[in-house]
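Everything below concerns the one structure shown next.
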Amino acid sequence: QVQLVESGGGLVQTGGSLRLSCAVSGRTASSYAMGWFRQAPGKEREFVAAISWSGGSTIHADSVKGRFTISRDNAKNTVSLQMNSLKPEDTAVYYCAAQPKGSMVGPYTYWGQGTQVTVSS
C-alpha cells in the first residue's frame, strides 16, 4: 500500500515562497515517477510538475516554469516542490501523486490528501 502525505502549505503574500513536501511510503517508492498537481476552486485539477524515479528528468507546466522546482530525495522517500515568486493565481489545493510504473506522463495511481496554498494579493 502506498501512502502520500503532503505538508508545507499555507498563506503567503504575492511574491513570496513556499516549499511543499510529500512523504511517500512503500517498499519500492524510489522507483515511482512522482508528480504535483493542483486544483483551484471551480476549476479542474491541473498538472504542475513531475520528476522521474531517479530525479534525472523533470517536467514543469508552462505556468510555473522558472518559478517552481520539483525535486526528490530517494534516501528519505520525499518529493518537494519549491515555489517562488508566488502569484494569486497559484492559489489552490496541491496534490502529490505517484506513478508506480515510472512514467512521468502518468496515469498517476496514488494520490495524497492535498495541502492548501493561498497567495494573497
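Side chains are part of it too, since the values below use all heavy atoms of this structure and drop only hydrogens, waters and symmetry mates. Here, residue 1 is the first one in the sequence, and each next residue gets the next number. Remember, predicted model here, so these are calculated numbers, not experimental data.
With no hydrogens or angles considered, a side-chain donor-acceptor pair links Gln116 and Thr118 at under 3.5 Å. Side-chain contact, Thr78 with Asp73: no donor N or O sits under 3.5 Å from an acceptor N or O.
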| request: Dump the intermediate steps for side-chain contact (heavy atoms from CB on, under 4.5 Å) on Glu6 and Tyr95, then the final yes or no. | output: CA-CA 7 Å; Glu6 302 98 335; Tyr95 297 91; 4.1 Å; yes
| said: As a quick check of understanding, evaluate salt bridge (charged side-chain N to carboxylate O under 4.0 Å, His left out) for Asp90 and Lys87, giving each step before the final call. | reply: CA-CA 5 Å; Asp90 294 319; Lys87 304 175 182 179; over 6 Å; no
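Of the inter-residue distances, the one linking Ile51 atom CD1 with His60 atom NE2 reads 7.5 Å to the nearest 0.5 angstrom. Atom NZ of Lys43 and atom CD of Glu89 lie 8.5 Å apart (nearest 0.5 Å). The line from OG1 of Thr69 to CG of Asn84 is 7.0 Å long, rounded to the nearest 0.5 Å.
Scanning both residues, Tyr110 and Leu4, for their nearest heavy atoms gives O-CD1, 3.3 Å. Residue Ser85 comes nearest to Arg67 through the heavy atom pair O-NH1, 3.0 Å, listed as atom of the first residue, atom of the second, then distance. Here the closest non-hydrogen pair linking Val24 and Ala29 is CG1-CB, 3.6 Å.
Annotation: Trp111 is in aromatic contact with Phe37 [ring centroid separation under 6.0 Å].
Atom NZ of Lys101 has 12 or fewer heavy atoms from other residues, nucleotides or ligands within 6.0 Å. More than 12 heavy atoms of other residues, nucleotides or ligands sit less than 6.0 Å from atom CD of Gln113.
Inter-residue side-chain proximity for Ser71 and Arg19 is flagged as met; some heavy-atom pair is nearer than 4.5 Å.
Val2 and Trp53 end up in different hydrophobic clusters when Ile, Leu, Val, Met, Phe, Trp and Tyr side chains are linked at under 4.5 Å.
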